[in-house]
J.: 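My structure is below; once you've seen it, I'll send some questions.
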Amino acid sequence: MPKKITFALLILLPAIVVNAQVNFTKQPQWNEVLVKAKAENKFIFMDAYTDWCVWCKVMDKNTFSTDAVSNYLNLKFIPVKMEMETGYGITMAMKYHVNSFPTFLVFDSQGRLMDRLIGYQKTEPFMANVEKTTSNAGERYLKGYSLEIEMPFPDFYKKAYIKNEKGKKEMPDSSVVLAWLDSHKDFRKEINWTVLNRFKYMTSKYDSYIMDHVNELKELYGSTEVDEFIDNIIYKNFQKAVKSKDEEMLHTSVFTMIDKYHAGDAQKTKQSYEVTFYTQSGNCAKMMESLTNLVNENGLEDNSSMVNSSCWEVYEKCDDAELLARASDLVQRVIEKEPEYAYLDTFAALLYKSNRLDEAEKFAALAIVEGNKSKENVKSTEELLEKIKSAKAK
């Protein structure tokens with residue numbers, strides 16, 4: 001690297017590190033973003049969020065605020081923040097199938113989508129995922145997406161994204177969706193795939209088409225999106241097993257599909273489904289056994305949310321002292337690494353139900369402090385704290 005460039009970077013880097021924040025442009029015009037990306041020959045990183053998304057706020061607090069991430073995104077990308085339920089954000093959401101939050105869209109300097117990353121991510125995995133996405137620039141972009149942003153989508157599709165006068169989005173009847181899909185047979189085409197993907201929960205008749213064209217669709221629209229579709233198909237079969245409380249169906253039909261379509265992480269995926277099966281079946285004992293095995297074999301990394309939600313189910317549905325204690329121990333391990341509001345709230349609730357009132361009061365108060373910091377609704381935790389204080393007063 002020429003010395004003058006190295007010197008320039010040395011001047012620039014301290015300024016970014018001191019600020020320790022990503023220089024996001026909020027709600028920009030897409031054409032302006034493209035002009036800047038082309039002029040500076042940079043990738044585009046879009047944080048697709050909503051104002052109500054809790055994990056979007058956690059991402060801001062824990063990941064985007066770090067020196068490593070802010071430095072990386074500021075130097076290599078044009079960073080953009082787009083609220084996906086207002087203004088131009090709605091158009092972008094419809095175009096790029098943004099249906100869960102947070103979603104992160106990575107584009108090359110020409111505005112071609114390279115990948116979609118879904119959900120809250122800590123610093124190191126986030127950096128690794130974004131770097132992997134941009135490592136083969138020029139050949140990695142998803143060829144199914146055109147550069148046209150405002151697409152001629154059918155009205156029922158648009159209404160699923162645009163809030164009506166009552167502030168609600170309108171989901172169409174499945175018969176409307178199926179009638180439209182039946183007249184558009186080639187789902188490799190962008191608009192056809194977009195509609196099919198958006199209403200995947202209504203379109204079981206097309207499941208076999210997706211499974212027969214997995215590799216081709218991944219080439220066009222990316223592994224993230226197609227895997228979501230496959231996971232939806234697996235989940236529908238899983239729900240049948242849950243409804244009938246059929247463990248054999250879980251371990252044959254569901255697990256067979258997981259082995260085929262999740263070859264890289266089949267064991268962990270099956271364990272996660274097993275935890276959820278016993279949770280939804282109301283079998284707290286087997287759920288805790290499966291959850292403990294999952295954590296012992298895979299660690300807490302990427303499993304914190306499942307631990308939290310599963311142990312909350314123990315709080316709500318189980319009175320067994322031993323199971324409550326095991327759930328408390330697991331959540332305590334989570335908050336030692338991630339003292340987030342949701343996890344502190346669950347821990348306080350478990351302690352309260354276990355009659356460990358002094359500890360419950362302490363952690364309920366901590367949860368409220370953390371919740372207020374991240375601007376979350378802490379009303380339920382405040383009510384829990386009052387219950388704890390009342391129990392102590394008796």
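Side chains are part of it too, since the values below use all heavy atoms of this structure and drop only hydrogens, waters and symmetry mates.
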J.: Kindly compute the distance separating CD (Glu274) from OG1 (Thr279), expressed to the nearest 0.5 Å.
T.: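 Interatomic distance, Glu274 CD to Thr279 OG1, rounded to 0.5 Å: 10.5 Å.
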J.: For the residue pair Phe64 and Phe104, categorise the inter-ring angle as parallel (less than 30°), tilted (30 to 60°) or perpendicular (more than 60°).
T.: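 It falls in the perpendicular class, over 60°.
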J.: Salt bridge check: are Lys57 and Glu376 linked by an N-O gap of less than 4.0 Å?
T.: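 Salt bridge: no.
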J.: So, do Phe107 and Trp30 have ring centers that fall under 6.0 Å from each other?
T.: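 Under 6.0 Å, so yes.
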J.: Is there side-chain contact between Val33 and Ile44, with at least one heavy-atom pair below 4.5 Å?
T.: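 The answer is yes, as the side chains (C-beta and beyond) meet within the 4.5 Å cut-off.
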J.: Determine the interplanar angle of the Phe255 and His251 rings, folded into 0 to 90°, and report it as parallel if under 30°, tilted if 30 to 60°, perpendicular if over 60°.
T.: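 Correct class here is perpendicular.
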J.: When the ring planes of Phe187 and Tyr209 are compared, do they come out parallel, tilted or perpendicular, using 30° and 60° as the limits?
T.: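 The rings of Phe187 and Tyr209 stand perpendicular, inter-plane angle above 60°.
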J.: Are side-chain N/O atoms of Asn99 and Glu228 paired as donor and acceptor at under 3.5 Å?
T.: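 Not at all, the side chains of Asn99 and Glu228 share no donor-acceptor pair under 3.5 Å.
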J.: Under a 4.0 Å N-O cut-off, is there an ion pair linking Lys122 with Asp302?
T.: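 Asp302 and Lys122: not salt-bridged.
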J.: Establish, yes or no, whether the cationic atom of Lys218 lies under 6.0 Å from the six-membered ring centre of Tyr221 and within 45° of the ring axis.
T.: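 Because its charged atom misses either the 6.0 Å distance or the 45° angle limit, Lys218 does not stack over Tyr221.
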J.: Tell me whether Lys373 is salt-bridged to Glu370, with the criterion being a basic N under 4.0 Å from an acidic carboxylate O.
T.: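 Looking at Glu370 together with Lys373, the answer is yes, because their closest N to O distance falls below 4.0 Å.
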J.: Parallel, tilted or perpendicular, judged at 30° and 60°: which one describes the rings of Tyr161 and Tyr157?
T.: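 The arrangement is tilted - the two ring planes meet at 30° to 60°.
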J.: So Phe199 and Phe156, would you call those rings parallel, tilted or perpendicular, with 30° and 60° as cut-offs?
T.: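 It falls in the tilted class, 30° to 60°.
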J.: Is any side-chain N of the basic residue among Glu225 and Lys200 closer than 4.0 Å to the acidic one's carboxylate O?
T.: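 Answer for the salt bridge query: no.
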J.: Centroid-to-centroid, Phe153 to Trp180, below 6.0 Å?
T.: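 Not close enough - the centres of the two rings lie 6.0 Å or further apart.
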J.: Quick one about Tyr120 and Ser305 (side-chain donor to acceptor, distance below 3.5 Å, no hydrogens or angles considered), yes or no?
T.: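 The answer is no; no qualifying pair exists.
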J.: Any ion pair linking Lys132 and Asp115 (charged N to carboxylate O, less than 4.0 Å)?
T.: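 No, Asp115 and Lys132 are not salt-bridged.
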J.: What I want to find out is whether Lys95 reaches Glu190 closely enough, with some N-O distance under 4.0 Å, to be called a salt bridge.
T.: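 Result for this pair is yes, salt bridge flagged.
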J.: Decide whether Lys236 and Ser204 meet the rule of one side-chain donor and one side-chain acceptor closer than 3.5 Å.
T.: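 Yes, because at least one side-chain N or O of Lys236 sits under 3.5 Å from a partner of the opposite role on Ser204.
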J.: Decide, yes or no, whether a salt bridge links Lys270 with Asp259 under the criterion of side-chain N to carboxylate O below 4.0 Å.
T.: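 Yes.
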J.: Can a salt bridge be assigned to the pair Asp60 and Lys81 using a cut-off of 4.0 Å between side-chain N and carboxylate O?
T.: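 Here Asp60 pairs with Lys81 in a salt bridge, since their nearest N and O are under 4.0 Å apart.
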